[in-house]
Amino acid sequence: MLDPKQLRNNPDAVKKALKDRNADASLVDKFLAADERWRKATFEVDELKNRRNEITDKIAQMKKKKEDTSAIIAEMKKAADRIKELDEIRRVEEEQAKKVLLEFPNLPHVSVPPGMDARDNIEVRKWGEAKKAKVKPHYEIGKELGILDFESAAKIAGSRFCTLKGLGAQLERALINFMLDLHSEEHGYTEVFPPILVNADSMQGTGQLPKFEEDLFKCRDDEFYLVPTAEVSVTNIHKNEILSLDQLPIKYCAFSPCFRREAGSYGKDVRGLIRQHQFNKVELVKFVDPQKSYEELESLTKNAEEVLRRLGLPYRVVELCGGDLGFAAAKTFDLEVWFPSEGKYREISSCSNFETFQARRTNIKFRKDPKAKPEFVHTLNGSGLAVGRTMAAILENFQKDDGSVEVPEALHQYLEVPILKIGK
RNA sequence: GGAGAGGUGGCCGAGUCCGGUUGAAGGCACACGCCUCGAAAGCGUGCAUACCUUAACGGGUAUCGUGGGUUCAAAUCCCACCCUCUCCGCCA
């Protein structure tokens, strides 16, 4: 959510920023129209209520003195009717303004490179050797190793699901534990395991609703949604709270299954683990002092990168251009891991600073000192990492000529088998 | 699912039957000052949030789970809903 004051005071600057990220600038005028009607009605009704409050006290005193109040009460009846009318106008216009406000995407940070789509993103750094080796795609080798079973998943659920078997299931578990231990023990994040079925308000808080309902799985008989990322649950932990500066930064890591309908991506990545309706992910979430949020974005990104480094997976860091930014983000670095079978890098983590965008929607504030006026915190999050894609990357990058797959050394304390072989 | 209890400011907790200077007693916590060599205790002062308005001091409106209703006036009365707790049932 944007700052309504910013919209009133600098509408042109906001319009320009919206165009920079390829968004609909006419929202600004829509908002301002409703806002103006709301303000007018509010101004009038506040004055009327002020008078009513005064007269109400007077009536109480007159009654005490047993004076006749019938004339004054009759007059106040009229005022009460007008107040009712105006309050109704206020309710309608406020709802309209709020509705429009929720449609605004975040504004890009000044450092965000210009551009329309992913082609204009900027490679920031690269790590590891992206080998051009001829390897089988992860879904083939996974099938041969007997650890990925797409057929049974299709029977159980449908397309875009996978049953992990034997060492595959164990490798998944090992990856989750490895990531959680790294972030909680070495990077200072508090591990949490939140609800993954959430209410509509939480979805609105992080920006999934109202605009992206078609991307979500919703329960038919209850007002619950399945989270598309633990970001939703974890960010809402502090909904409607005022934190103190010495609590910040608050850093959480969370494992959760994630559920996405993948509406509108019918032809894309139909095979393999890349795009599933259900996948596991370890998420990093921070609540920080706005003055430090860009340093915190750097360290968050580094924390996510560390997972890839320890696993020995080649990757690069990409800075998203304005046109490629997600709805809620002011600034994003994507981590892309190397997939030798495709000969390209693919997203495995997305690390973003949302500035006050989510904090406004969730009403999360902090006080600089005990007497200061509360201000919104900045929220950040990033995958650390998407587990299914990590497994896929391992199956390709650690694949040997004989069709076996080495287990990265960092996982040896979590999975006693150092190499995955066919028939095992 | 059945029965009952309850939701008041950062926290605890009055007020709700009998509507009217109650944005809300009291306590704790917190901040500042006095006292002290220093501290504790004690004393004094301050201390909700949002919005509107003002150059500023300030002024105004709203908020006692949420939404409606009654009334000149609602924390207090009426209706609906949500949440929490206890007991019973069921269940991993």
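Just so it is clear: chains get the letters A, B, ... in the order the sequence lines come, proteins before strands, and each one is counted from 1. The structure displayed is predicted, hence computed values, not measured ones.
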Please find the pair of heavy atoms, one from Ile364(A) and one from Asn240(A), that lie closest to each other, and give the distance. CG1-N, 4.4 Å
Of Lys77(A) and Arg367(A), the one whose nearest nucleotide on RNA chain B sits closer to the 5' end is Arg367(A)
Return the 5'-most residue of the pair Thr42(A), Ala80(A) with respect to RNA chain B, ranking by each residue's nearest nucleotide. Thr42(A)
Spacing between [X] atom [atom1] and [N] atom [atom2], to the nearest angstrom:
X: Glu75(A); N: rU71(B); atom1: CD; atom2: P; value: 18 Å
X: Leu86(A); N: rC52(B); atom1: CG; atom2: P; value: 18 Å
X: Arg360(A); N: rA50(B); atom1: CZ; atom2: C1'; value: 13 Å

Side chain of [X], heavy atoms from C-beta onward: which of [options] has the nearest atom to it?
X: Asn50(A); options: rU49(B), rC72(B), rG60(B); answer: rG60(B)
X: Lys49(A); options: rC51(B), rG20(B), rU61(B); answer: rU61(B)
X: Arg91(A); options: rG68(B), rC52(B), rU49(B); answer: rG68(B)
X: Lys373(A); options: rA50(B), rA73(B), rU21(B); answer: rA50(B)
X: Thr56(A); options: rG60(B), rG20(B), rU49(B); answer: rG20(B)
X: Lys5(A); options: rA73(B), rG20(B), rC51(B); answer: rC51(B)
X: Ile59(A); options: rC52(B), rA62(B), rC72(B); answer: rC72(B)

Can you confirm whether Glu88(A) is buried at CD, in the sense that more than 12 heavy atoms of other residues, nucleotides or ligands lie under 6.0 Å from that atom? yes
How would you label the contact of [X] with the nucleic acid (heavy atoms, under 4.0 Å): base, sugar-phosphate, or nothing?
X: Lys84(A); answer: sugar-phosphate
X: Arg90(A); answer: nothing
X: Lys40(A); answer: nothing
X: Lys365(A); answer: sugar-phosphate
X: Arg8(A); answer: sugar-phosphate

Counting only Watson-Crick and G-U wobble pairs with both atom distances below 3.5 Å, the stems of 3 or more consecutive pairs that include RNA chain B are B:1-7 with B:82-88, B:10-12 with B:26-28, B:30-34 with B:42-46, B:48-53 with B:58-63, B:65-69 with B:77-81
Compare side-chain N and O positions of Asn53(A) against OP1 and OP2 of rA62(B) and report whether any pair is under 4.0 Å apart. yes
Do the non-hydrogen side-chain atoms of His378(A) and Glu296(A) ever get within less than 4.5 Å of each other? no
Do we see a donor-acceptor contact under 3.5 Å between the side chains of Gln358(A) and Thr379(A)? yes
Is a donor from one side chain sitting under 3.5 angstrom from an acceptor on the other, for Ser152(A) and Thr163(A)? yes
Is it the case that the side chain of Asn381(A) and the backbone of Lys286(A) share a donor-acceptor pair, with hydrogens and angles ignored and the cut-off at 3.5 Å? no
When rounded to the nearest 0.5 angstrom, what distance separates OH in Tyr294(A) from OG in Ser111(A)? 6.0 Å
